[in-house]
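First the structure, in the form of structure tokens, and then the observations on it.
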Amino acid sequence: MHRTARHPSAPTRPSRSRRRLLAGCVAVAAALGLAACGTASGALQSSSAPATSGAPVATARPSGTAAGTIAPAPGSDAVPPGTAAASPSAPTAPAKPHPSTATGSPVSAKPSSPATPAAPTTAPTTAPSSAPASPAAPPPHTGAGTVIGSTASGGRTVALTFDDGPGPATGQILDLLAQYHAKAVFCEIGQNAAANPAVVKRILAAGHRLCDHTVHHPQPFAKLPHDKAVYEITAARDMIVQAGGPGTEVGWFRAPGGGFTADNEHITAGLGMSSLGWSVDPRDWSRPGVPAIVSAVQRQLKPGGVILMHDGGGDRAQTVAALKQLLPWLVEQGYTFDFPAA
């Protein structure tokens, strides 16, 4: 038997090389933060140690998660989602991620410098304070309390007011008022008064009173510039006075659509007129039907109320018909007719 068959050095070579290989793997594993190496294949396995045992900080912000980390608050002006990759806070040369995070799934570890991603969300919260201020709100409507909505005497009295005339229905309304010895205020459009001076004189002769309702009935009146509001109010009053003749007085102004403002009330007061509102509005101008007009007045009226109706601005047959029912009803209810407060 040959002696070489039992040579002791043959099996020891692979053992020494294997030890060298294992030693090298351990060194590499230690550098990479790994626990062990594979044996025959040499495949690396992930560490089971906690995240604080040397895991690279770079893996805390894998690509694809930065946008969600610095997403702006709803409604802010921060950088919109999807632009975070271009943010200056993004690392320019991130370390190669651990194989376990190479898929881009979110990592629960906290970034090492939270102040950097917080910058985009801080900016938008302070941005509105430096934005241009919106137009200043108009001054408080200090004259609102001067808009009249009650009678001069109070108690069980009522004030009848008619807008937008003189018109074709004004004569019929004057006839009805005379039957019940009722007095009313006619809020006249300036150009209508100028076109019907005889009707204006008849109104005055019957003991009724006049109210300025602008020249053209512009709406929304509350948004009219100051100079235009001055014209609409002043010119209408002059037209009504001229139509009524010498001694004609115009005691009130009613803004179209109730568009009173501190400005137009100030203009009105400067002309010696009071701002006239109302407390009862049956919306007769919309021609809802005679029963609807009558029931609205009966439902809304309280002692000392001011009723808004119309003698101009369109077909007022329903208003006339409703008035035929309302006048006797008011008398039966014990109401007496009065003028608005001034």
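Note: hydrogens, waters and symmetry copies are ignored here, and every other heavy atom, side chains too, is used.
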Can you check whether His208 reaches Leu174 side chain to side chain, under 4.5 Å on heavy atoms? yes
Write down the atom of Pro166, the atom of Val199, and the distance for their closest heavy-atom approach. CB-CG1, 3.7 Å
Do Val331 and Phe337 come close enough that some side-chain heavy atom pair is under 4.5 Å? yes
With a 4.5 Å cut-off on side-chain heavy atoms, are Gln333 and Gln298 touching? no
Could Asp175 and Arg202 be called an ion pair, given the rule that one side-chain N must be under 4.0 Å from one carboxylate O? yes
Any carboxylate oxygen within less than 4.0 angstrom of a Lys/Arg side-chain nitrogen, looking at Asp315 and Arg287? no
Between Glu232 and Asn264, is there a side-chain heavy-atom distance shorter than 4.5 Å? no
Contact between Val200 and Glu188 at the side-chain level, heavy atoms closer than 4.5 Å - yes or no? yes
Interatomic spacing from CZ in Arg254 to NE2 in His217 - rounded to 0.5 Å: 9.5 Å
Sidechain-backbone polar pair: Asp338 side chain, Ser153 backbone, donor-acceptor under 3.5 Å: yes
Nearest heavy-atom contact between Ser150 and Val306 is N-CG2, 3.5 Å
Polar side-chain atom of Arg237 near backbone of Cys211 as donor-acceptor pair, under 3.5 Å: no
Below 30° counts as parallel, above 60° as perpendicular, anything between as tilted: where do the rings of Phe162 and Phe186 land? parallel
